[in-house]
Amino acid sequence: MLIFALVDANSFYASCEISFRPDLAKRPVVVLSNNDGCIVAANQIAKDLANQHTQNYGSGGYASAKPTSMMFQPYFKVASFLERHNTAVFSSNYELYGDMSARMHRMLGEFAAAQEIYSIDESFLDLTGMTGLVGDLTAYAQMIKQKIHQGLGLPVAVGIGSSKTLAKLANHLAKKRVQFKGVLDLTAVSEDTLNALLKQVEIGDVWGVGRRYADKLVAMGIKSAYDLKVANIKTLRKQFGVIMERMVRELNGQACLTLEMVPPDKKQIVRSKSFGQPVHDLKKLEQAVATYAARAAEKLRQQHGVCQYLSVSIRTNPFKQDQPFYANHHAMGLVYPTDSTILITKLAKRLLKRIYQPGCAYHKAAVCLGEISVKGAMQLDVFAPDPQYSANPKSDALMSVMDKVNAKFGKGSLELASQGLKQKEQWAMRRAMCSPRYTTRIDEVMVVY
DNA sequence: TCTGGGGTCCTAGGACCC
DNA sequence: TCTGGGGTCCTAGGACCC
């Protein structure tokens with residue numbers, strides 16, 4: 001039997017801050033998002049406080065699957081309430097959290113042969129076959145928990161199960177029920193006990209069940225994790241697809257998901273941020289977009305990628321009822337995939353100009369790089385869409401075609417030409433450029449596009 | 001006054017090809 | 001009765017995660 005452990009830090013951002021300020025341990029602590037917009041982390045004391053006073057500020061505008069009444073509240077709505085209760089409030093410090101996260105994951109990696117770093121504050125560990133080495137897994141997990149606390153001052157909970165979904169679920173219970181003292185090993189309990197525990201977990205708290213699925217499942221009479229475990233797998237498969245089938249199997253202890261020890265490269269890199277103040281001016285918008293583009297390009301180069309798709313979006317504040325709402329985005333494919341900051345920022349600015357409307361109070365901008373591949377592979381892909389041309393992708397003939405295009409229409413004209421083209425049209429253009437049949441018709445190709 | 005910033009996967013249907 | 005059939009690519013939309 002496979003055995004997975006999920007180690008998850010409690011209220012990670014808040015705990016990081018508390019770690020350096022032990023005097024805060026007995027006070028409510030919250031951490032705010034970018035521009036101090038809303039609450040993204042709250043320690044247990046703050047959460048309890050909020051639960052007692054939910055009616056004071058309602059459930060908030062964010063549709064979160066599993067809302068804790070405190071999380072994602074706009075800060076301004078709860079600021080005075082928090083102040084009355086002597087809450088410590090922090091702006092987010094992502095460098096600190098990133099550093100603490102790296103330390104925690106490094107430490108956790110020491111406790112198992114295999115580790116998957118699942119998120120900033122969660123690791124899956126492979127504990128399969130460890131009982132012979134370490135004996136009781138609950139005791140082992142308690143030891144892990146204590147080491148992390150001693151080393152970093154971070155409280156963590158450990159859930160153990162025979163599938164990732166069960167480990168997640170065990171972690172959830174370990175955090176919620178004080179009697180487990182932060183550790184629950186579902187592989188060590190009897191079937192009856194396991195089922196009794198699953199009955200106590202709301203369907204929406206199962207990993208992979210968001211609000212939409214939860215609503216639908218409840219309507220079908222599936223209200224708890226146990227209900228899902230024993231539900232008819234074929235019916236669910238038909239109605240929800242393969243994801244739900246997998247969840248049912250995982251709940252039954254059949255591991256369908258494996259540990260991913262090497263994080264895959266990103267398929268898409270996004271940099272988006274709301275502004276502290278409304279921005280009207282194109283120049284200022286350009287600055288922001290150029291910065292985001294440069295950061296995204298940096299990230300792209302870190303994974304040795306090149307992007308083939310670029311999009312820029314801007315919007316006004318959707319919460320401002322008294323102002324007209326405007327949101328738009330524009331995308332382009334790049335005939336030459338690139339990781340160049342200069343080119344990417346330049347093209348991003350060009351896209352921005354297409355969607356910018358004077359007179360709007362902009363609130364947010366974003367840059368997205370997509371269709372990312374490893375450098376060498378993408379070159380081949382782009383220069384040789386047909387196998388018959390792939391023998392020598394950088395053949396003299398091809399290069400001369402490109403030289404010819406650039407000479408005739410100016411450097412960068414290919415990017416310009418491909419703006420707004422559909423994927424298919426781009427391929428057609430590339431094929432046209434690569435194919436000896438078309439080399440004499442470059443002028444036509446460029447004119448057409 | 002003041003409302004986050006990232007990501008992934010699956011599916012259905014249409015276009016197109018042979 | 002039954003009006004071809006199989007395959008791929010692309011896109012949009014819907015769901016989820018932290």
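Below, read A as the first sequence line, B as the second, and so on, with proteins coming before strands; counting in each chain starts at 1.
Put simply, A:R212 has no side-chain N or O that comes within less than 4.0 Å of OP1 or OP2 on C:dG13. Within the structure, a side-chain polar atom (N or O) of A:K168 is placed less than 4.0 Å from OP1 or OP2 of C:dC18. Phosphate contact (OP1/OP2 of B:dC2, side-chain N/O of A:K320, threshold under 4.0 Å): present. At least one side-chain nitrogen or oxygen of A:S274 sits closer than 4.0 Å to the OP1 or OP2 atom of B:dG5. For A:H363, a side-chain nitrogen or oxygen approaches OP1 or OP2 of B:dT3 to under 4.0 Å. The shortest distance between the side-chain N/O atoms of A:K364 and the OP1/OP2 oxygens of B:dT3 is not below 4.0 Å. Note on A:K267: a side-chain N or O is less than 4.0 Å away from OP1 or OP2 of B:dC9.
At whole-Å resolution of the value, CZ in A:F240 and P in B:dT11 are 13 Å apart. As rounded to whole Å, 15 Å separates atom P of B:dG6 from atom CD of A:Q303. Whole-Å rounding puts the A:E116 CD to C:dC17 C1' distance at 12 Å. Nucleotide B:dG7 holds its C1' atom 15 Å from the OH atom of A:Y309, rounded to whole Å. When rounded to the nearest whole Å, the span between CG of A:L236 and P of C:dA15 equals 16 Å. What separates CZ of A:F72 from P of B:dG6 is a distance of 14 Å, to the nearest Å. Summarising the geometry, the separation between CD1 on A:I372 and P on B:dT8 is reported as 8 Å, rounded to the nearest angstrom. One interatomic measurement links the two molecules: CG of A:L32 to P of B:dT3, which rounds to 12 Å at whole-angstrom precision.
Using a 4.0 Å cut-off between a side-chain N of Lys or Arg and a carboxylate O of Asp or Glu, A:R249 and A:E245 qualify as a salt bridge.
The aromatic rings of A:F81 and A:H85 sit tilted, their planes meeting at an angle between 30° and 60°.
Under the side-chain hydrogen bond (donor to acceptor under 3.5 Å, both in side chains) criterion, no residue pair touches residues 268-277 of chain A, with sequence neighbours excluded.
Under the side chain to side chain contact (heavy atoms under 4.5 Å, CB included) test applied with A:I222, the options A:V206, A:V209, A:D227 reduce to a single match, A:D227.
Using a 4.0 Å heavy-atom cutoff across all strands shown, A:N35 reaches no nucleic acid atom at all. Counting any heavy atom pair closer than 4.0 Å across all strands shown, A:D36 reaches no nucleic acid atom.
The aromatic ring centres of A:F240 and A:Y213 sit less than 6.0 Å apart.
Map A:G241 and A:F76 each onto its nearest nucleotide of DNA chain B; the residue landing nearer the 5' end is A:F76. Nearest-nucleotide mapping onto DNA chain B: of A:R271 and A:G37, the residue sitting toward the 5' end is A:G37.
The A:R246 side chain lies nearest to B:dC10 when the options are B:dT3, B:dC10, B:dG5. The side chain of A:C38 has B:dT3 as its nearest neighbour among B:dG5, B:dT3, B:dG7. Nearest nucleotide to the A:V270 side chain, out of C:dC18, B:dT1, B:dG6: B:dG6. Closest to the side chain of A:W207, from the set C:dC17, B:dT3, B:dG5, is C:dC17. Comparing C:dC16, B:dC10, C:dC18 by their closest approach to the side chain of A:I243 singles out B:dC10. Among the nucleotides B:dG5, B:dT3, B:dG7, the one closest to any side-chain atom of A:S272 is B:dG5.
Minimum heavy-atom separation, A:V289 to A:A365: CG2-CB, 4.2 Å.
Across all strands shown, B:dC18 forms a Watson-Crick or G-U wobble pair with C:dG5, both key distances being under 3.5 Å.
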